Amino acid sequence: MFRVSNFVVGLANTLVMLVGASAIGYSIYMFVHQGVTDCESAIRAPLLTTGIVLFVVSLIGVIGSCFKENVAMVSYLVILFAGIVALMAFSIFLFFVTNKGVGRVVSGRGYREYRTVDFSTWLNGFVGGKRWVGIRSCLAEASVCDDLSDGPVSQIADAFYHKNLSPIQSGCCKPPSDCNFQFRNATFWIPPRKNETAVAANNGDCDAWSNVQTELCFNCNACKAGVLANIREKWRNLLVFNICLLVLLITVYSCGCCARRNNRTARKRDSA
């Protein structure tokens, strides 16, 4: 039992150390590399912090399991238990704040459209105020609408209407359907005349649309909603990952408890 539990804890933490070292290395690379975009640079500090935490905690686990250091093993188990509790609380929080935000089905369209009011207040905080300025520049920098400029989707209205657009493309690359703009191509739309009542008067996005290819609907609430839908999807994927990670951490914690007991037994036997 001594070899199995200590080996499992040691192996798991060695792998985590490698992940932490990789995160540290990549974040340092982004700090010194001049070609990194503004969007990529936003993750440098969080990635470096995460890498350091993973490396240090897993190093303590390796020392405790492989070198029979009971103090290190106890410290590791305390940190791991706190991490399990925090991850469990975070997963419950994610479940509730991402429970809203299903897109609206548009008749005769292959895509959904989204509204910011359909998402939780917490998620809306990601696109509020000055944050949106940075996100908007990142969207333009990433050329999220370029995929719509090639092929029949770009020039044929029916092909465009039946395309399964991503939430960001649906919100940022075209005007909302209730504005009743006329299709010219995928990223160029003709607004209805002033005297036509077809325009949704209560939808400010109709006036926010621009045929300037670097602007499009990046100033629209629909674009913010598309970004929120993308964020929500990422958080839901993270929720699934967290559940799998919790199972793994609980398994490692159980093995760590066995390894701690074995370390104490081994120390008593050596001192006898």
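Count residues from 1 along the sequence. In this text the structure is predicted, and so the values were computed from the model without any measurement.
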- [ ] Any pair with a residue in residues 238-257 that passes salt bridge (Lys or Arg N to Asp or Glu O under 4.0 Å), sequence neighbours left out, goes on the list, sorted by first then second residue, please.
- [x] none
Open item on the list: Taking ring pair (Phe, Tyr, Trp, His ring centres under 6.0 Å) as the definition, give me every residue that meets it alongside F160, ordered by chain and number, with sequence neighbours left out.
Closed with: F183, W189
Task: Separation of N262 CG from C255 SG (nearest 0.5 Å) - done: 10.5 Å
Open item on the list: So, taking the atom named CG in N180 and the one named CD1 in I190, what distance separates them when rounded to the nearest 0.5 Å?
Closed with: 13.5 Å
- [ ] Check whether any side-chain heavy atom of P167 sits under 4.5 Å from a side-chain heavy atom of R112, and report yes or no.
- [x] no
- [ ] Measure the shortest side-chain to side-chain distance between M30 and L47 over non-hydrogen atoms and say whether it is less than 4.5 angstrom.
- [x] yes
TODO: Check the pair C145, L216 against side-chain contact (heavy atoms from CB on, under 4.5 Å), reporting the backbone distance first and the verdict last.
DONE: CA-CA 9 Å; C145 301; L216 300 178; 3.6 Å; yes
Open item on the list: Applying side-chain contact (heavy atoms from CB on, under 4.5 Å) to L148 and K163, what does each step give before you reach the verdict?
Closed with: CA-CA 10 Å; L148 303 177; K163 183 174 175 60; 3.7 Å; yes
Open item on the list: State whether cysteine residues C223 and C217 meet the disulfide criterion of an SG-SG distance below 2.5 Å.
Closed with: no
Open item on the list: Taking side chain to side chain donor-acceptor pair (under 3.5 Å) as the cut-off, I'd like each qualifying pair that reaches into residues 226-238, sequence neighbours left out, listed once.
Closed with: T98-R236
Open item on the list: Using side-chain contact (heavy atoms from CB on, under 4.5 Å), reason through S177 and Y161 one step at a time and then give a plain yes or no.
Closed with: CA-CA 10 Å; S177 297; Y161 291 145; over 6 Å; no
TODO: Mind jotting down which residue pairs meet the side chain to side chain donor-acceptor pair (under 3.5 Å) criterion with at least one end in residues 114-124? Sequence neighbours excluded, please.
DONE: R115-D118
- [ ] May I ask you to test the W209-C179 pair for a side-chain heavy-atom distance under 4.5 Å?
- [x] no
Task: L246 side, atom CG; N242 side, atom CG - distance, nearest 0.5 Å - done: 6.5 Å
- [ ] Measure the OG-NZ distance between S170 and K174 for me, rounded to the nearest 0.5 Å.
- [x] 4.0 Å
Task: side-chain contact (heavy atoms from CB on, under 4.5 Å) between C172 and L139, intermediate numbers included - done: CA-CA 9 Å; C172 306; L139 292 174; 4.0 Å; yes
Open item on the list: Return the CG to CG distance between L54 and L15, rounded to the nearest 0.5 Å.
Closed with: 12.5 Å
Open item on the list: Under the rule for side-chain hydrogen bond (donor to acceptor under 3.5 Å, both in side chains), what residues qualify as partners of Q213, not counting sequence neighbours?
Closed with: T187
TODO: Could you pull out all residues at least two apart from Q155 that satisfy side-chain hydrogen bond (donor to acceptor under 3.5 Å, both in side chains)?
DONE: none
Task: Partner set under side-chain hydrogen bond (donor to acceptor under 3.5 Å, both in side chains) for R260, not counting sequence neighbours - done: none
Side-chain donor-acceptor distances from residues 70-97 under 3.5 Å, at least two apart:
unit_1	atom_1	unit_2	atom_2	d
S75	OG	V71	O	2.9
Y76	OH	N13	OD1	3.1
Y76	OH	N13	ND2	3.0
S91	OG	L87	O	2.8

Task: Interatomic spacing from CD1 in I156 to CG in N185 - rounded to 0.5 Å - done: 12.0 Å
TODO: Can you tell me which residue pairs pass the side chain to side chain donor-acceptor pair (under 3.5 Å) test with a partner in residues 49-60, sequence neighbours excluded?
DONE: none
Open item on the list: Run the side-chain contact (heavy atoms from CB on, under 4.5 Å) test against V127 and tell me which residues pass, sequence neighbours left out.
Closed with: W132, I135, K224, V227, L228
Open item on the list: Considering only residues two or more places apart or on different chains, which pairs with a residue in residues 47-70 satisfy ring-ring contact (aromatic ring centres under 6.0 Å, His included)?
Closed with: none
Open item on the list: Per the salt bridge (Lys or Arg N to Asp or Glu O under 4.0 Å) rule, what does the pair list look like for residues 89-108, sequence neighbours excluded?
Closed with: R104-E113
Open item on the list: Determine whether a donor-acceptor pair (N or O, by modelled atom type, separation under 3.5 Å) exists between the side chain of D205 and the backbone of N221.
Closed with: yes
Task: Any donor-acceptor N/O pair, Q169 side chain to S166 backbone, under 3.5 Å - done: yes
